[in-house]
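Data block below; observations after.
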Amino acid sequence: MEPVLELKNVSAGYGRIQVLRDISLKAFPGEIVCMIGANGAGKSTTLMTICNVVTAARGDILYRGNRINGIKFSKLPPMGLCQVPEGRRIFPRLTVQENLELGAFFRKDSTRIQEDLDMVFDFFPILRERANQKGGTLSGGEQQMLAIGRALMSRPRVLLLDEPSLGLAPLLVGQIFNKITEINRQEGTTILLVEQNANVALKVSRRGYVLETGTVVMEDDVKNLLQNPDIRKAYLGE
Amino acid sequence: MKRFVLTVSIAALASVFLMTGPAMSENLKIGSMSPLTGPYAADGNDIANGVRTAIAVVTAEGGIPGFDKIALSPQDTACDPRQSVAAANKLVNESVSAVIGAYCSSSTIPASEVLDEERILMITPASTNEKVTERGLKYMFRTCGRDDDQSKAAGKFIKDYLKAKTLFLVDDKTTYSQGLADNVAKEAKALGIQVVGHEHVNQGDKDFSAVLTKVKAASPDVFYVSLQNSASGALMLIQAKRTGIQAAILGQDAVYHPQLIEIGKDAVESDVRICGYETALLSEVPKGVFHRIRRAGGVFHLCLRQRHGLF
Amino acid sequence: MDYFLQQLINGLTLGGIYALIALGYTMVYGIIQLINFAHGEFFAAGGYMGVILLSYLAASGAGPYVCLAGALILTMGYCAVLAMAVEKVAYKPLRHSSRLSVLISALGMSIFLQNGLMLTQGVYDKAYPTQMTQGSFQVAGLYISYMQVIIVAVTGILLVALNALVFKTRIGKAMRASAQDKIMSGLVGIDSDRIISLTFAIGAGLAAAAGIMVGFYYGSVHYGMGFVPGIKAFAAAVLGGIGNVTGAMIGGALIGIIEVFAAGYLSSEYKDVFAFVILIAVLYFRPTGIMGENVDDTRV
Amino acid sequence: MTRGSSKAWIALGVGLVWFYLILWPLMGITPEGLQFIPSLVVWLKVAAAAFVLVSLNQLRTAGALAFIGKPTTAAWTEIRKIYKKVPVRVWISVVFFLALVFPLTTGRYEKDVVINVMIYVCLGLGLNIVIGLAGLLDLGYIAFYGVGAYTYALLSVHFQLSFWLCLPVAAVFAAVSGCIIGYPTLRMRGDYLAIVTLGFGEIVRLILNNWMSLTNGPNGILGIQPPGLYWPGFSSGLTLEYIWLKKLNYLYYVILALVVFTIIAVHRLNYSRIGRAWEAIREDETAAELMGVNTFTLKLLAYAMGAVFGGLAGAFFAARMRFVSPESFTFLESAMVLSMVILGGMGSIPGVILGALALIALPEAFRGFELYRMLAFGGAMVLMMIFRPSGFWPAKRMGQRSEERG
């Protein structure tokens, strides 16, 4: 089966500082793939490189078969590739509703946008309550839901999630990840999940990559990763 | 202002030739210093073009003995003292025989010291600050009137011809216009005219509504406007008409320029202009005429000067 | 009492003009944190294009209202195109370098445009066909000229329209989003370069409208007319809280009224000094301006 | 035609179309009708110039200009290598020697321009402390220049004090006004600072122009004494007569001494404890505050130190012109000094000197263009900024990570 998203020997960085060193990665349609690694391993940089916010020095980024290396990152959402970046980055001085509507900024089909809006409000009822509140006034968990809701509004084919569990209480983390699996099952969205919280990430996804200091050190099905002693010691805290 | 600057430049150029003995080099180099860029570019270019026309006129009449060509090197001072000294030094390097120059007094004064040191003749057609020629510089001359003599004529005109009792003055804090307004105020007080107000605006202001409302409240017989150039003069006259000021408006020579009519249009249509070198000109006109025009809120431009020797 | 009201009208008119220019400063600053020193030149270019189009349309026999409306719209369009070109040439290449280098590029562009106007339009002031809107009417002893009413009215209309655009429309949302976080707005599909270009166009359009009205109100335009009002409008934008659209309107009106009352009641030669002293006093007690919320400096 | 080069041609084409779209309405629409010829003529000239530039650029990228390109780049790397090998102290003494000899070999005009450059070097280095080191955007710096100039002018005219005595007095007055202007801005950040300093600059200029009794308003102050010196006069035995340094040559050496003093002082400040504290404030004011840097007093000190050099340059300016008027202290001058610092390279002494040279010598070089002088100057400023955003000679320490030093 053709991977929907593929990185071939990609290297990238900021100026002369190399962050990603020769990374290759695949994500198949409808699959949840996770990438775990310590802080500063280059997880966020990988997602930013996929979206061309960080330009890849070498290697190819293939999305549905065609090379998207040089494309302006504002052209990706219409192609179905969306990202919820690190730290959620919702628009603090826009209302919750406006944040969500911006998710569908590039879409022209206004009737279906309204449907999606109701769908997101059903997914995250708290957001319906706070629809006219400014984004900045929401709590961490609510902001995270808003960020994911906003990404849903663009009906992504591939969703890049950067540490959704960041700064959330364990109970909330559980809720968020149920929603993520629900989205994947219902909408069939391919999800590339970047997480520090290895436990939760590995439970939810089918395949996983382990990233250390900019290189992929291991790639396997989740079952094998869970048994692997090194992984258990390094990431699962046994 | 254009015709005025032109006549002044020709006079200046003519005097230059009398001063410089016949030099052997085949072409006579003349320098000109005026603000070709910046806010005063209109007047600066008048001066430069005035000198060009003067050269054309002189060459048309057979040129100067001993020279077959007169070359002009126009320099831009942008009314900035630093740039005018640089321009003066450049002209020294180009070894010009004389310089027609500088519009703002603040450019003329420093530049004249440079040129005087190198014994190069400098004639200013427009800087009216008394200090320009009172510093004992041998090579510094002026062909425009000084502030004090135009104000004598204005005082006399207001008193005898306009028969005004009260006077309101406005000037825009530039060497030329403030000096003139202060002198006119002094003359008016000496002649027993009551000065009901003397306001200052800043050069470059466009909105005079606040000051004009003050003038309207004071409702003087004559409103003396002393501004730097015709553009600001037109601004003042349009807004004065709009605020419904009944007083007769008296302007000075700098504002007397064809451009004033072009911009002012109906605000200046009842404009009586008396310009020339002789106060005697006044005597020919019967006194009552002006009095009647004043009552109708007419606009006058008085730029009379005592006949002054050129040197 | 009449004197007070008459000065108030003068102040509001002047304030309206400053507000229109200040809007351009605030919008451009809001989106790329640039003090656009060339903005005053769009105001001047608007003044010139206004009289060029007016005399052309009048010569080709159009009625007064057609002339006025036509000139206004076409001039705003022209200045929008000019602003977009300036942004592409002088600011876009410096998008990722320090904010100070863009500032100097703006200064250079201001000098360039000013002299460009002088060279194409001549050094003399260009007269406005003021007979179209001359005349004033009296209300209880107060002299109000038609032009003063037009300026305050047009300023009000343009501000309401701008507020609706920024807070009610889709493009407005994109502009606000882009101002708050350029990377994230890109990730939801907003092309920030197009939004920045659009912001410049709108800002310059408003400044052009102000240019035309100043032309009518004062009777003539001069290539250097944009410099001093530009600084005053920038002060107004900061007084109102830089980056805040309504703040620019309040700031503009305030600076206009302060200036006129300082000239009317205190001394007209120090009116600018009072305007700046009050600006500094307000900023001392409220460092982010009247309407400004504390915009965090660390922009991504 | 490789993909890259066709992109350049397309950009040129689009640019020229836009240029005509902007130029034609300004020149072509006249009450008599629509004219195209004058604007077309101008457009063709610009198009031809642009065409030449782009084709040159294409040739350069395509390597066709190797026969010029290679030797120049080789020479340039050579110079760089020599420059690195030879200790800086040698270079400085060479430059200093050249500066000493300069006035003897040149005419009045060149001396005058270089004196102006040196005045603006002092101003630029002073402003560099405020912006380059402490990162405070000061748009009203010329106020200190004015305070210095008027202080010396008034002291010299009213009390006949000598120039050398007034120098420190002018510096103190400027420093005091630096604190007065600096104080209200302490709590402000970024561009709010810009407008407040701009406001103060305008306030000082307006006061100079309107306070008739003190500053004689627009008429300015006349008859200021130039610097004097006791020089061993051989005419009547070995007596020290007092000669006025009026000649350009003498004035040149006075300002040269002032520039050398400024450079040494700024250099020492750069690498002193205060200098590092200023740089901490510039990089991140809150972090600096947390680390015990007393930002309030240090920012005031930055204003004061910057003002001192502004005052010194002002005093010399007054002594040299022997006439002072408010027209020399407009906002445009502040903008010019600011441009020098940023164009030359923030925080770097050679950079500021290059910046001053560029922005004073350039308008003089364009003097031949007469009306087009300022147009070319504005255009040059934009182009210089685009091709060297971080300045001609950026400071080495400016925000560089250690690995990038390599």
Side-chain angles (χ1 to χ4, degrees), chain C residues 29 33 35 37 45 48-49 52-53 55-56 58-60 78 81-82 84-85 88-90 93-94 97-98 100-105 107-121 123 227 231 234-235 238-239 242 269-270 272-273 276-277 279-281 283-284 287-289 297, chain D residues 15 18-19 21-23 25-27 29-34 39 42 131 137 184-185 187-192 194-196 198-200 202-203 206-207 209-210 284 331-332 335-336 338-339 341-343 346 371-386 388-391:
Chain C
Y29 183 85
Q33 283 70 52
I35 309 169
F37 278 107
Y48 268 95
M49 271 319 289
I52 291 171
L53 287 167
S55 41
Y56 172 69
S60 56
Y78 173 77
V81 166
L82 177 64
M84 284 196 263
K88 281 260 175 319
V89 166
L94 294 167
S97 49
S98 91
L100 288 173
S101 35
V102 193
L103 191 78
I104 300 304
S105 179
L107 272 171
M109 198 39 103
S110 163
I111 295 171
F112 183 82
L113 289 176
Q114 205 174 49
N115 284 277
L117 270 179
M118 177 183 87
L119 292 168
T120 49
Q121 293 301 311
V123 283
F227 198 71
I231 294 179
F234 171 49
V238 171
L239 179 62
I242 193 87
E269 58 204 324
Y270 283 115
D272 289 349
V273 172
F276 279 116
V277 163
L279 167 77
I280 293 166
L283 287 181
Y284 182 68
T288 56
D297 272 9
Chain D
W18 273 67
F19 176 66
L21 204 61
I22 291 167
L23 181 69
L26 273 176
M27 295 178 78
I29 305 176
T30 56
E32 296 79 29
L34 304 183
S39 47
V42 172
I131 291 188
L137 181 53
T185 65
R187 289 201 305 191
M188 294 168 200
R189 293 263 178 97
D191 297 318
Y192 288 91
I195 187 62
V196 169
L198 193 152
F200 270 112
E202 284 301 295
I203 288 173
L206 286 168
I207 288 175
N209 198 34
N210 290 324
D284 185 338
F331 166 70
L332 197 61
M336 276 305 130
L338 176 70
S339 313
V341 171
I342 294 166
L343 210 58
M346 268 218 301
L371 277 177
Y372 295 86
R373 191 168 80 103
M374 290 311 280
L375 183 81
F377 178 62
M381 259 171 85
V382 175
L383 289 176
M384 281 192 275
M385 225 45 261
I386 288 176
R388 297 287 292 177
S390 56

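The basis for the numbers below is simple: all heavy atoms, side chains too, and nothing from hydrogens, waters or symmetry mates. Numbered from 1 within each chain, the chains take letters A, B, ... in sequence-line order.
- Both the backbone and the side chain of C/Met84 come within contact range of chain D, with heavy atoms under 4.5 Å apart.
- Contact annotation for C/Met49: only side-chain heavy atoms (C-beta onward) come within less than 4.5 Å of a heavy atom of chain D.
- Residue contact with chain D, scored on non-hydrogen atoms closer than 4.5 Å, is absent for C/Leu239.
- Of the listed residues (D/Gly15, D/Ala376, D/Ala194, D/Gly199), the greatest number of heavy-atom pairs within a distance under 4.5 Å of chain C belongs to D/Gly199.
- Partners of D/Phe331 according to the ring-ring contact (aromatic ring centres under 6.0 Å, His included) rule, which considers only residues two or more places apart in sequence or in another chain, are C/Phe37, C/Phe227.
- Residue with the most contacts toward chain C among D/Gly378, D/Ser390, D/Gly391: D/Gly378 (heavy-atom pairs, distance under 4.5 Å).
- Listed by chain and number, the residues in a side-chain hydrogen bond (donor to acceptor under 3.5 Å, both in side chains) with C/Ser55 amount to none (sequence neighbours excluded).
- Proximity to chain D (any heavy atom under 4.5 Å) is restricted, for C/Leu119, to the side chain, taken from C-beta onward.
- Considering every non-hydrogen atom in both C/Leu117 and C/Ala45, the closest pair reads CD1-N, 3.8 Å.
- Of the residues considered (D/Leu338, D/Asn210, D/Ile203, D/Asn209), D/Asn210 shows the highest number of contacts with chain C, using heavy-atom pairs under 4.5 Å.
- Residue with the most contacts toward chain C among D/Ile29, D/Leu26, D/Leu206: D/Leu26 (heavy-atom pairs, distance under 4.5 Å).
- Looking at C/Ile52, both its backbone and its side chain come within 4.5 Å of chain D, counting heavy atoms on both sides.
- Contact of C/Val277 with chain D is made through backbone and side chain together, with heavy-atom distances under 4.5 Å.
- Using a 4.5 Å cut-off between heavy atoms, C/Leu279 touches chain D through its side chain atoms alone.
- At a 4.5 Å heavy-atom cutoff, the contact between C/Gln121 and chain D is made by side-chain atoms alone.
- Interface remark: D/Phe19 contributes no atoms to any contact with chain C (heavy atom separation under 4.5 Å).
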